[in-house]
Amino acid sequence: MTIRSETPAEYGRIHELVKVAFETAQVTNGREQDYVDELRAGAGYIPELALVVEDDGDLIAHIMLTKRGIDDGAAGREVLYLAPVSVALERRGQGIGSALIREALRRATEAGHGAVILVGNPDYYCRFGFAPSSRFGITNTNDIPEQYVMALELRPNALRGIQGTVSF
């Protein structure tokens, strides 16, 4: 297995991987594959932080970290947004998603980014150090219950002093 950055030639395969992965997800809105395409087309897309797991020529997992602003009433702060983590159904439960998340966080840290925010299952993401974003003074404008909006500082105190909102 290899974890590497996605390539434009793979966008169609990634779209299908995300679609199929979320067909069996506990929580889904059915458009996660379209959301990945929208994030990729947006100004916050970071090609180096859009990763795939390849095994013997097959794409079996995908993750993206994109730039996201926190509105604090002033200039705003920028964080990374971890959006859909997708693992092929037949490869779940093998630690692939965890390895992919750890690698994405490692690369983001090495690139100098300060923090990551996400919407997800707290029981899963707390193992990576994520905590409710409200602990850092960050709320959301989408009426998502606060326990599902989580943040992680990649650098100590990267979120210190923030009082703001984020939109998803």
Side-chain angles (χ1 to χ4, degrees), residues 5-6 14-15 17-19 21-52 61-87 92 96-168:
S5 297
E6 68 181 18
I14 292 166
H15 183 94
L17 168 70
V18 175
K19 178 181 177 186
F22 275 90
E23 286 174 350
T24 57
Q26 287 181 326
V27 178
T28 181
N29 66 11
R31 358 179 4 263
E32 286 82 5
Q33 67 280 356
D34 299 325
Y35 190 49
V36 166
D37 294 341
E38 290 167 17
L39 290 170
R40 189 182 292 120
Y45 176 62
I46 307 168
E48 302 80 30
L49 296 178
L51 307 177
V52 295
H62 180 262
I63 191 173
M64 293 179 87
L65 293 170
T66 56
K67 295 176 190 173
R68 182 66 50 130
I70 296 175
D71 183 3
D72 64 359
R77 303 276 278 280
E78 188 176 271
V79 296
L80 293 177
Y81 171 51
L82 189 154
V85 177
S86 306
V87 179
R92 291 185 192 157
I96 295 167
S98 293
L100 186 56
I101 291 167
R102 286 187 179 93
E103 179 63 12
L105 296 175
R106 184 191 69 74
R107 290 181 185 206
T109 301
E110 282 186 359
H113 295 281
V116 178
I117 195 162
L118 62 80
V119 177
N121 181 337
D123 293 334
Y124 182 75
Y125 287 102
C126 70
R127 73 180 78 174
F128 304 101
F130 283 89
S133 65
S134 58
R135 291 186 189 170
F136 300 100
I138 302 167
T139 59
N140 73 88
T141 61
N142 303 82
D143 296 322
I144 300 168
E146 73 177 50
Q147 70 266 27
Y148 299 109
V149 180
M150 306 182 75
L152 170 69
E153 291 179 316
L154 299 175
R155 285 191 328 260
N157 300 315
L159 297 174
R160 185 180 214 159
I162 292 182
Q163 293 291 319
T165 58
V166 64
S167 296
F168 297 103

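The shown structure was predicted, so the numbers you read here are calculated from the model rather than taken from an experiment.
Note that CG of Leu51 is 7.5 Å distant from NE2 of His62, once rounded to the nearest 0.5 Å. Note that CD1 of Ile117 is 10.5 Å distant from CG of Leu80, once rounded to the nearest 0.5 Å. How far CD1 of Ile14 is from NZ of Lys19: 16.0 Å, rounded to the nearest 0.5 Å. Atom NE2 in His113 sits 4.0 Å away from atom CD1 in Ile46 (nearest 0.5 Å). One finds the CE atom of Met150 at 8.0 Å from the CZ atom of Arg135 (value rounded to the nearest 0.5 Å). Distance check: Asp71 CG to Ile138 CD1 gives 11.5 Å after rounding to the nearest 0.5 Å.
By the 4.5 Å heavy-atom criterion applied to side chains, His15 and Arg40 are not counted as neighbours. Residues Phe130 and Leu105 meet the side-chain proximity criterion, which asks for heavy atoms closer than 4.5 Å.
At a threshold of 4.0 Å, the pair Arg106-Glu103 counts as salt-bridged, since one of the basic side-chain nitrogens sits closer than that to a carboxylate oxygen.
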Notebook entry, point to check: side-chain contact (heavy atoms from CB on, under 4.5 Å) between Glu110 and Glu48: does it pass, once the steps are laid out?
Noted result: CA-CA 11 Å; Glu110 282 186 359; Glu48 302 80 30; over 6 Å; no

Margin query: Under the criterion side-chain contact (heavy atoms from CB on, under 4.5 Å), I'd like the reasoning laid out for Glu146 against Thr139: C-alpha separation, chi angles, the key distance, then a yes or no.
Written below: CA-CA 7 Å; Glu146 73 177 50; Thr139 59; over 6 Å; no

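Using modelled atom types, one side-chain atom of Asn29 and one backbone atom of Arg31 make a donor-acceptor pair closer than 3.5 Å.
Exactly one of Leu159, Val116, Val166 qualifies for a side chain to side chain contact (heavy atoms under 4.5 Å, CB included) with Val79. That residue is Leu159.
Take Phe128 and apply the ring-ring contact (aromatic ring centres under 6.0 Å, His included) test, not counting sequence neighbours, and it matches Tyr124.
Heavy-atom minimum distance, Glu6 versus Tyr45: OE2-OH, 2.6 Å. Here the shortest heavy-atom pairing between Leu118 and Tyr125 reads CD2-CD2, 3.5 Å. The two atoms that bring Arg68 and Leu39 nearest to each other are NH2-CD2, 3.6 Å, heavy atoms only. Residues Arg77 and Ala158 share a closest heavy-atom pair of NH2-O, 3.3 Å. Closest approach of Gly129 and Leu152 over heavy atoms only: O-CD1, 3.4 Å. The shortest non-hydrogen separation linking Ala83 to Ile63 is O-CG1, 4.2 Å.
Using bins of under 30°, 30° to 60° and over 60° for the plane-to-plane angle, the ring pair Tyr81/Phe168 lands in the tilted bin.
More than 12 heavy atoms of other residues, nucleotides or ligands sit less than 6.0 Å from atom OH of Tyr35. More than 12 heavy-atom neighbours from other residues, nucleotides or ligands sit within 6.0 angstrom of CZ on Arg127.
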